Amino acid sequence: MKNRILVFFSFFLFIFHIPSIYSNPKKITVLGTGYVGLVSGACFADFGNQVICADIDKQKIEQLQSFYIPIYEPMLDEIVIRNAKKGNLSFTSDIDNAIQSSDIIFIAVGTPMNEQTGDADLRALKGAIEFIARNLIEYKVIVIKSTVPPGTCAWVEKFLAEECGIEPEKFSIVSCPEFLREGSAIYDFLNPDRIIIGSHSSEAFNQIYQIHLPLKEKNVPIINTTLGAAELIKYVTNSFLALKISFINEIANFCDAIGVDVKTIAYALGLDKRISPLFLNPGPGFGGSCFPKDVAALIKNAEKNNVDLQTLVAALKANEKQKEKPFEKLKKQFNNNISDKTIAILGLAFKANTDDIRYSPSIRLIELLKEHNVTIKAYDPEAMKNMQKIFPDIYYGTSVDDTIKNSDAIVVMTDWNEFKNLNWNYIKNEMHENSVIIDARNILDGQELKQLGFKYDAIGRAFLNSYKYKRAGCFLYNYAMCL
Ligand code: UDX
């Protein structure tokens, strides 16, 4: 009987073209078409909502309207183009009209670090709020997805009510931070560990809860909390991950000093369920548009409240030192006389699967090499055009082969898959005598490279050069790793 009613009801809805209650599409505008705004807009469109992505950058909007995606993010072009063609997703630089056309306004503009003060630069956010203030004719839910210091949403509420004279019943503010990693942003949006919705309006919470229902059906926890807690959860998450990376980087440096393999240490550490194996890969230091700025902003925000986050201050300091490790190791391999050498850098992006070089450790490496009159050749599958804006005068290779030819050393700085299965026997013959490999991501087989005659060093793997290791062979090491 129940099924018959359901079938009739669905038929009724279909005939009268009443939108299905099961999809309950919302009208959403996303302000900001960077990787957060574009990914969020495209995915909400994919959930069946009507989404407008708006940006003041007319050129970027024209590119999007002609289906050119101006950022490198795997799978983004497919989901954007599919939904744009379906009519679920559109792009405009007419911000006013975009705001008036929707019930839910997401703010996904950049909040970069103020290099002088370490504070989050909220100018773009304020610009978005001023646009919204001009267009709050009827009730709207304003969702701040940009990473903003705790207290920002409360400031927005006050600004709209007191500075702009908007009646409180015309808007609700929601904090809905994102946890998207560059290079896997689509996956992370569709498979979040949790969704955070900060608000003090049940109506607003319900609206934002509704648009996340497709994820709720995958049993993703949805946390209903306050505005301040939601803002802080984002900073605390990024800061803890950054702290974890600085911790393993320092342990790796200690492993180098005592001839222990950091891979074994990190493996055993990660087996402790309280720690988890993720974000325990030592490297040249963390970069990107988030960790450095978010840790600095949290430290600054705490300082303003007379709290000294010493662990995070130490994490940032350790990170800046770590960025010099690849150069130090390289110099040591040439007995501190590196000038007139030709150095090939493989990897410029701050991590694999992105073209983003913001705060990339490769920037620090190039700066140091340039101070020592070194010939630099660089290659990255995606990030070279961005690095050329900073260092136009170094050689950018057309391939790995072109870049390593006639070099004295290779420094692997980004964990691109392309660098994980190179033909080192061939490479050895293309490089100068006594060639050096600095594997700043621990992605190469150090033992194989040493057997081929390379001088090899990595991060926390100096044990490979120790006599004891050679005598004991690698049997025990490999056996331990196979356990
Ligand atoms: C980060 C957060 O992960 C994401 O949740 C947030 O929304 C934005 O900031 P992202 O900066 O894109 O994402 O990259 P992530 O994968 O977190 O790596 C950050 C940096 O840490 C990179 O430089 C990466 O190479 C480095 N890293 C990461 C390590 O050095 N070791 C690790 O084990 C993991």
Side-chain angles (χ1 to χ4, degrees), residues 34-37 39-40 71-74 76 108 110-113 120 145-148 176-189 191-196 230-231 233-253 262-263 265-267 269-270 275-298 315-316 318-320 322-323 325-326 347-365 380 382-383 412-416 419 439-443 458-460:
Y35 91 98
V36 173
V39 167
S40 305
I71 51 176
Y72 176 84
E73 184 62 48
L76 181 57
T111 55
M113 172 162 60
K145 185 160 276 294
S146 302
T147 302
V148 292
C176 184
E178 48 82 20
F179 301 91
L180 309 178
R181 291 165 296 166
E182 289 190 40
S184 50
I186 298 281
Y187 175 84
D188 290 342
F189 189 99
N191 302 277
D193 293 327
R194 72 307 205 193
I195 292 156
I196 309 292
E231 292 165 325
I233 287 166
K234 167 67 181 184
Y235 276 101
V236 167
T237 304
N238 272 7
S239 297
F240 184 77
L241 291 170
L243 184 64
K244 195 173 178 183
I245 293 166
S246 279
F247 173 78
I248 199 63
N249 284 340
E250 289 203 313
I251 294 302
N253 299 336
V262 73
K263 281 199 170 187
I265 303 302
Y267 174 69
L269 185 61
I275 296 171
S276 117
L278 302 178
F279 280 62
L280 280 180
N281 301 316
F286 57 77
S289 64
C290 297
F291 281 5
K293 81 171 172 72
D294 291 353
V295 177
L298 184 56
L316 277 189
N319 194 55
E320 287 315 300
Q322 193 67 14
K323 287 184 178 180
K325 273 287 170 219
L348 300 173
F350 79 94
K351 67 172 202 175
N353 300 321
T354 181
D355 62 356
D356 197 341
I357 59 163
R358 286 175 288 185
Y359 299 91
S360 170
S362 293
I363 293 174
R364 187 61 189 131
L365 173 63
D380 186 286
E382 293 295 340
V412 177
M413 290 293 285
T414 309
D415 46 340
W416 285 104
F419 304 152
D439 176 8
R441 291 288 182 166
N442 290 356
I443 58 175
I459 306 289

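Each residue takes its place number in the sequence, starting with 1. Read the numbers this way: they start at 1 and go in the same order the structure lists the ligands and their atoms. Owing to the predicted nature of the structure, the values given are computational and were not obtained by experimental measurement.
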Practice task
Using the test side-chain hydrogen bond (donor to acceptor under 3.5 Å, both in side chains), find all partners of N319 that sit at least two apart in sequence or belong to another chain.
Solution key: none
Practice task
Decide, yes or no, whether a salt bridge links R364 with E320 under the criterion of side-chain N to carboxylate O below 4.0 Å.
Solution key: no
Practice task
Measure the spacing between CG of D380 and OG of S360 and express it to the nearest 0.5 Å.
Solution key: 8.0 Å
Handout entry: side-chain contact (heavy atoms from CB on, under 4.5 Å), paired with D294, selected from T237, T147, T111
Key = T147
Handout entry: Those residues that, when tested against A108, pass side-chain contact (heavy atoms from CB on, under 4.5 Å) (two or more places apart)
Key = V30, V36
Fill in the blank from the handout: Heavy-atom contacts under 4.0 Å to ligand 1, chain-then-number order, include exactly E178, F179, L180, R181, E182, K234, N238, I245, F279, L280, N281, F286, G287, C290, F291, F350, K351, R441
Problem - All side-chain contact (heavy atoms from CB on, under 4.5 Å) counterparts of N249, not counting sequence neighbours - result: I245, P282, Q322
